[in-house]
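In this text, all values refer to a predicted model and were calculated from it rather than measured experimentally.
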Amino acid sequence: NSGTFVDQDGDTGTYSVNGSNVQFEYDDYDIVFNGNSVDQNSMRGTYTVEGSTDNWRATRGFNSSLTSQTSTIKTQSPKK
C-alpha cells in the first residue's frame, strides 16, 4: 500500500507499507523515515536527514518522539 499524508503542521509527503515495514518521506524536506510495527500500537525505526541517521518511535494515541523530532528537524533542514 502507498499514498500521501498531511502532518499536524500541514506538511505533506508520501508513504509506503509492505507488511509490517513502513517508509515515509516529506515532499519539502530532506527527511526519510523507515521503520516497522512493534505491536498494534507502536512503531520504531530510523530516520535520515541530509545523510545523518537517528532513531524514532511512535505510539498510537499519544504524542510521540516522532512528532517532536520531525518538527525540530523540519525547521533546520529544508530542501534547497
Side-chain angles (χ1 to χ4, degrees):
N1 294 335
S2 62
T4 59
F5 67 87
V6 177
D7 73 8
Q8 73 279 1
D9 297 323
D11 294 311
T12 61
T14 58
Y15 72 88
S16 62
V17 178
N18 183 3
S20 66
N21 299 315
V22 64
Q23 177 178 10
F24 52 102
E25 182 171 357
Y26 279 87
D27 292 332
D28 294 330
Y29 303 97
D30 188 14
I31 306 172
V32 178
F33 293 85
N34 289 291
N36 58 13
S37 298
V38 175
D39 56 36
Q40 290 181 331
N41 294 311
S42 62
M43 301 178 76
R44 67 177 170 210
T46 59
Y47 66 92
T48 303
V49 178
E50 297 180 349
S52 297
T53 301
D54 206 344
N55 297 313
W56 64 268
R57 63 183 172 156
T59 304
R60 182 191 319 252
F62 300 95
N63 288 333
S64 68
S65 58
L66 172 63
T67 301
S68 61
Q69 288 173 350
T70 300
S71 297
T72 300
I73 294 165
K74 287 190 305 186
T75 59
Q76 297 172 357
S77 303
K79 285 184 180 175
K80 296 182 179 178

Query - Residues which pass side chain to side chain contact (heavy atoms under 4.5 Å, CB included) with Ser42, listed by chain and number, not counting sequence neighbours - result: Val38, Asp39, Thr59

Report task. Could you grab the distance from atom CD1 of Ile31 to atom OG of Ser52, nearest 0.5 Å is fine? Result -> 12.0 Å

Query - Centroid-centroid under 6.0 Å between Phe5 and Tyr26 rings - result: yes

**Report entry** Residues in side-chain hydrogen bond (donor to acceptor under 3.5 Å, both in side chains) contact with Thr48, at least two apart in sequence or another chain
**Finding:** Thr53

Requested in this report: Please round to the nearest 0.5 Å and tell me the distance separating atom OG1 of Thr46 and atom CG of Asp54.
Outcome: 9.0 Å

Query raised in the report: What residue pairs, at least two apart or across chains, pass side-chain hydrogen bond (donor to acceptor under 3.5 Å, both in side chains) with a residue in residues 12-24?
Result: Thr12-Asp27

Query raised in the report: With Asn34, which residues qualify under side-chain hydrogen bond (donor to acceptor under 3.5 Å, both in side chains), at least two apart?
Result: none

Query - Contact summary for Asn55 and Tyr47, nearest pair of heavy atoms - result: O-CE2, 3.3 Å

Query raised in the report: If you group Ile, Leu, Val, Met, Phe, Trp and Tyr by side-chain heavy-atom gaps below 4.5 Å, do Val32 and Val22 land in one group?
Result: no

